[in-house]
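Just follow the structure's listing: the first ligand is 1, and inside any ligand the first atom is 1. In this text, all values refer to a predicted model and were calculated from it rather than measured experimentally.
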Amino acid sequence: MKEKKMSVFKEMACHEFEQVIYFYDAYTDLKGIIVIHDTTLGPALGGARIWNYESEDEALFDCLRLARGMTYKSAAAGLNLGGGKAVIIGDATKIKSEAFFRAFGRYVQSVNGRYITAEDVNTTTQDMAYVAMETNHVVGLEGRSGNPSPITALGAFYGIKAALQYRHKTDDVSKFSYAIQGIGETGSNLLRYLVEEGAKKIYVADINQKNLDRIRKSYPEVKIVEPNDIYHQEVDVFVPCALGGVLNDETIPKIKANIICGTSNNVLLDEEKHADMLMNKDILYAPDFVANAGGVINVYHEIHGYKRENVIADVKLIGERLFEIFKISDEQKINTQHAAKVFAENRIKSVKEIHKNFINR
Ligand code: NAD
């Protein structure tokens, strides 16, 4: 017990976590952790995921990793939000009930607005409706910001345009070709944006036959390839919209595209190593947490009164931010993933600096 506590504080010190909260409700058997990584820019926002973790340590480390990721994502997206996350331990098919989520909502409320929750893996907008009965600090509710996927895809679309502009001095998407991995919620919307802007040569792959049938019907001109063949297509842009970890030792050598930009989270298997591999192959990689920030931008606007036009304006800025990050990467000769972190850290640091003086409000 003593040893475990030590490791938590060591981990907190190593990456400057502000707060780790364990919660347990005896009646519903709700057990989980809220991690608040950094609130320099604003309240720590991050979804609540349910997962059957093998151990409490596994849950803790997942929560720490995800909360820290949210700090970078929101900072790079220009939002006044910090990074946080909640994990709930258990089998999502067995533990859910109204009381269970209301109990969770009470723990969220007890943090007094330092943490804002939302749906995530194995939680739904309906679950969050129960959470909202006990706390105001929840976003992504039914009837508010709505489905984030089209907005996430739009952000990645602006990311592709920025990368084309940076690499080829034009953002005319019709002049280039694309390989989209995964045509689910975000991939199919991104495909639509590309087709609407005149893109003609597009390859797609998916493991879900229903999704492929839908695409075949709506876009007969789009070529469908086997999942393993999507990496080596002769295209300008590789667009990952499926799983994490797909850019690795095995796949990077296959890639012919000289730009990578999509919606997938944690797309690099090993952040530093594989971002370096891409840089050495002269592939312009749009860091995932910058390119796919449309979803968090969408829910952020719920906090201040949701207006679609404001969301779209903020999502458009993803392209400008990526352009800045590409420049930092070239100027400092560091990979783009590292450059994106420098960009986010600089913003946090600058706001910390201007908050040093006392002002009566
Ligand atoms: P989704 O489940 O709707 O779509 C993913 C698609 O990928 C599915 O059609 C699935 O069949 C396909 N797929 C899975 N394995 C594959 C493989 N090996 N090869 C080809 N296709 C495969 O999910 P989504 O909402 O579109 O999210 C896609 C990615 O974007 C995820 O990594 C997600 O975390 C990330 N993301 C999504 C959002 C959002 O708003 N939905 C926001 C930020 C990040």
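- Among I207, T152, N228, the residue whose heavy atom lies closest to atom 40 (O) of ligand 1 is T152.
- For atom 41 (N) of ligand 1, the nearest non-hydrogen atom of the protein is S149 OG, 3.2 Å.
- Atom 27 (O) of ligand 1 is flagged as protein-proximal [any protein heavy atom, distance under 4.0 Å].
- Residue N208 approaches ligand 1 through these ligand atoms, each under 4.0 Å from one of its heavy atoms: 11 (O).
- Under a 4.0 Å heavy-atom criterion, G244 is not in contact with ligand 1.
- For E54, the CD atom sits in a loose shell: 12 or fewer heavy atoms of surrounding residues, nucleotides or ligands are nearer than 6.0 Å.
- Here the side chain of K217 pairs no donor or acceptor atom with the backbone of L212 at under 3.5 angstrom.
- The neighbour count for E309 CD, taken as heavy atoms of other residues, nucleotides or ligands under 6.0 Å away, is above 12.
- Cluster annotation: I259 is connected to L191 through the hydrophobic network of ILVMFWY side chains, with a link wherever side-chain heavy atoms come within less than 4.5 Å.
- Close N/O approach between N292 and ligand 1 is not found [any backbone or side-chain N/O within under 3.5 Å].
- Contact between G295 and ligand 1 is absent, with no heavy atom of the residue lying under 4.0 Å from the ligand.
- Closest heavy-atom approach to atom 19 (N) of ligand 1 within the set G245, S188, G182, P227: this belongs to P227.
- Salt bridge R321/E324: absent, no basic N to carboxylate O contact under 4.0 Å.
- Taking the six-membered ring where the residue is Trp, the centroids of F23 and F104 are separated by under 6.0 Å.
- Looking only at heavy atoms of the protein, atom 4 (O) of ligand 1 is closest to G184 CA, 3.3 Å.
- Between the side chain of E197 and the backbone N or O of S174, no donor-acceptor pair lies under 3.5 Å.
- The pair K341-E271 counts as a salt bridge, with a side-chain nitrogen and a carboxylate oxygen less than 4.0 angstrom apart.
- Residue T263 holds the heavy atom nearest to atom 44 (C) of ligand 1 of all those in D288, T263, N266, V299.
- For atom 31 (C) of ligand 1, the closest heavy atom belonging to the protein is A242 O, 3.2 Å.
- The shortest contact between atom 37 (C) of ligand 1 and any protein heavy atom is with T186 CG2, 4.0 Å.
- Closest heavy-atom approach to atom 5 (C) of ligand 1 among the candidates C241, G187, S264, A153: C241.
- Ring centers of H137 and Y115: at least 6.0 Å apart, outside the cut-off.
- Atom 3 (O) of ligand 1 has its closest protein heavy atom at E185 N, 2.8 Å.
- Interface of L243 with ligand 1, defined as ligand atoms under 4.0 Å from a residue heavy atom, comprises 15 (N).
- For ligand 1, the atoms closer than 4.0 angstrom to any heavy atom of P148 are 40 (O).
- Considering backbone and side-chain atoms alike, D206 places an N or O below 3.5 Å from some N or O of ligand 1.
- Nearest to atom 34 (O) of ligand 1 among the protein's heavy atoms is N265 ND2, 3.0 Å.
- Looking only at distances, no side-chain donor or acceptor of Q233 sits under 3.5 Å from a matching main-chain atom of Y203.
- Between the side chains of T170 and Q165, no donor-acceptor pair of N or O atoms lies under 3.5 Å.
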